[in-house]
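Okay, structure first, notes after.
The figures here come from the full heavy-atom set of this structure, side chains too, leaving out hydrogens, waters and symmetry mates.
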Amino acid sequence: MRIVKLLMLAALLALTLSPKAAYAAENPIAVYIQDEELSFDQPPVITSGRVLVPFRPIAEGLGVDVSWDSKTKRVTAQYESPFKSKIVTIPVNGKTATVDGAIVSLDVPAKIINGRIMVPIRFLTQSFGAKVNWNSKSREIDITIWELKDTVFNQFEKDGSVVNTYTESGFNQKLSNMYDNEELVATSKWTNLMDPGKIGVVAQHYGFFLINGKYHEISLVLDGELNKQGNFDGDVIFELYDDQTGEFVDSYYTYIEDVAYNKVVKYNVYNAVQAAGWE
């Protein structure tokens, strides 16, 4: 009888559970920009089939400046770079917004929920050129700003010149059969969907080198963008690992500017060793 009573109670609860309570039981909506999850103090909500998110975190995640006019109750997102500029203004509870002064209809209006301005995420992100993908099953939104254009695979000489070029499969085979002091580099070029004038470059260097009197496995990453002159500006993250145990040994970080670029960045492990003061 106890089991029957429990089943009857469960059925009664299912019948009386309000739509709002049922929605609260669903997983919260997660938002990612370039695979990094954003944090919100007011969770995203779905209104009339459209996802609304807090304005400031999503706009700042896109890399745009934000402002709020309390008199007109309008939010503004502005993007400025040497290559492009764009302004998007969204009124709270309005049926239209403006993109660079042009009036655009909204599927759903922006709202204020728990003191946070909630805006339609697809409209805002796509207005700036980013891609948006909504997975209704996992309740996840993926926003893409940087899109991979191509990757080249090379082997560097000590002076930073290219001695060999590989296919991806050939590069992977070479990685598994490297000699000491050989430097392999995978250089990826990325296009910024919000600002096509921006070109991102990420170079991953691999190898085993004699540093400070002992062989180390190295991890050297260059992560930056091409400047107006077409040269590389960006971060250098250099790490050493014990060749025998794989344990972390040391690291070095710096920022480099105006380094020559022609499908590869003319900067290699020997430049990094010298900059770090290692031998």
**Donor-acceptor contact present, side-chain Asn268 to main-chain Lys158, <3.5 Å** = yes
**Spatial distance of atom NZ (Lys263) from atom OG1 (Thr165) [nearest 0.5 Å]** = 8.5 Å
**Asked** Are side-chain heavy atoms of Thr47 and Val45 found at a separation under 4.5 Å?
**Response** yes
**Message:** Any heavy-atom pair between the side chains of His216 and Asp243 that's under 4.5 Å?
**Reply:** no
**Chi angles and distances behind the salt bridge (charged side-chain N to carboxylate O under 4.0 Å, His left out) call for Asp242, Lys214** = CA-CA 9 Å; Asp242 189 280; Lys214 187 176 180 180; 2.8 Å; yes
**Asked** Can you tell me how far the CD1 atom of Ile33 sits from the CG atom of Asp35, to the nearest 0.5 Å?
**Response** 11.0 Å
**Request:** List the steps, then state whether side chain to side chain contact (heavy atoms under 4.5 Å, CB included) holds for Glu140 with Tyr32.
**Result:** CA-CA 8 Å; Glu140 293 179 346; Tyr32 298 85; 3.9 Å; yes
**Message:** Between Val264 and Asn262, does the side chain to side chain contact (heavy atoms under 4.5 Å, CB included) criterion hold? Intermediate values first, please.
**Reply:** CA-CA 5 Å; Val264 298; Asn262 183 14; 5.9 Å; no
For residues 49-63, dump all side-chain donor-acceptor pairs below 3.5 Å to protein atoms at least two apart in sequence or in another chain.
residue: Arg50; atom: NE; partner: Asp107; partner atom: OD2; Å: 3.0
residue: Arg50; atom: NH2; partner: Asp107; partner atom: OD2; Å: 3.3
residue: Arg56; atom: NH1; partner: Glu60; partner atom: OE2; Å: 3.3

**Request:** Ignoring hydrogens and angles, tell me if any N or O in the side chain of Thr125 forms a donor-acceptor pair with the backbone of Ile121 under 3.5 Å.
**Result:** yes
**Prompt:** Rounded to the nearest 0.5 Å, how far does CZ of Arg122 lie from CG of Asn133?
**Reply:** 7.5 Å
**Fill in**
Members sharing Ile87's hydrophobic cluster, built from side-chain contacts under 4.5 Å between Ile, Leu, Val, Met, Phe, Trp and Tyr, are none
**Prompt:** So, for Pro82 and Lys228, which heavy atoms are closest and what is the spacing to 0.1 Å?
**Reply:** CB-CE, 3.5 Å
**Message:** Contact between Leu193 and Lys131 at the side-chain level, heavy atoms closer than 4.5 Å - yes or no?
**Reply:** yes
**Asked** Distance from Trp146 atom CH2 to Thr144 atom OG1, nearest 0.5 Å?
**Response** 13.0 Å
**Sidechain-backbone polar pair: Asn172 side chain, Leu175 backbone, donor-acceptor under 3.5 Å** = no
**Heavy atoms from other residues, nucleotides or ligands near OH of Tyr255 exceed 12 (cutoff 6.0 Å)** = yes
**Asked** Can you tell me how far the CD atom of Glu217 sits from the CD atom of Glu239, to the nearest 0.5 Å?
**Response** 11.0 Å
**Asked** Does Phe171 have any ring-ring contact (aromatic ring centres under 6.0 Å, His included) partners at least two apart in sequence or in another chain, and if so, which?
**Response** Phe153
**Item:** Any side-chain heavy-atom pair of Val88 and Val64 under 4.5 Å
**Value:** no
**Request:** Please indicate whether Glu168 has more than 12 foreign heavy atoms, meaning atoms of other residues, nucleotides or ligands, lying under 6.0 Å from its CD.
**Result:** no
**Message:** Any salt bridge linking Lys174 with Glu182? Criterion: basic side-chain nitrogen under 4.0 Å from a carboxylate oxygen.
**Reply:** yes
**Message:** Tell me whether Ser81 contacts the main-chain N or O of Phe83 through its side chain, where contact means a donor paired with an acceptor under 3.5 Å.
**Reply:** yes
**Request:** If you link ILVMFWY side chains whenever their heavy atoms are less than 4.5 Å apart, which other residues fall into the same cluster as Val273? By chain and number, please.
**Result:** Ile199, Val201, Phe209, Ile211, Ile218, Leu220, Leu222, Leu226, Phe232, Val236, Phe238, Leu240, Val249, Tyr252, Ile256, Val259, Tyr261, Val265, Tyr267, Val269, Tyr270, Trp278
**Item:** Separation of Ile145 CD1 from Thr191 OG1 (nearest 0.5 Å)
**Value:** 13.5 Å
**Message:** Can you confirm whether more than 12 heavy atoms, excluding those of Asp180, are under 6.0 Å from its CG atom?
**Reply:** yes
**Asked** Shared ILVMFWY cluster between Phe123 and Val92, side chains joined below 4.5 angstrom?
**Response** yes
**Item:** Exceeds 12 heavy-atom contacts within 6.0 angstrom, atom CD of Gln229
**Value:** yes
**Prompt:** Has the side chain of Asn227 got a donor or acceptor atom that lies under 3.5 Å from a matching backbone atom of Asn231?
**Reply:** yes
**Prompt:** Which residue pairs pass the salt bridge (Lys or Arg N to Asp or Glu O under 4.0 Å) test with at least one member in residues 72-91, sequence neighbours excluded?
**Reply:** none
**Asked** Other than Tyr241, what residues sit in its cluster of Ile, Leu, Val, Met, Phe, Trp and Tyr side chains whose heavy atoms are under 4.5 Å apart, directly or through others?
**Response** Phe248
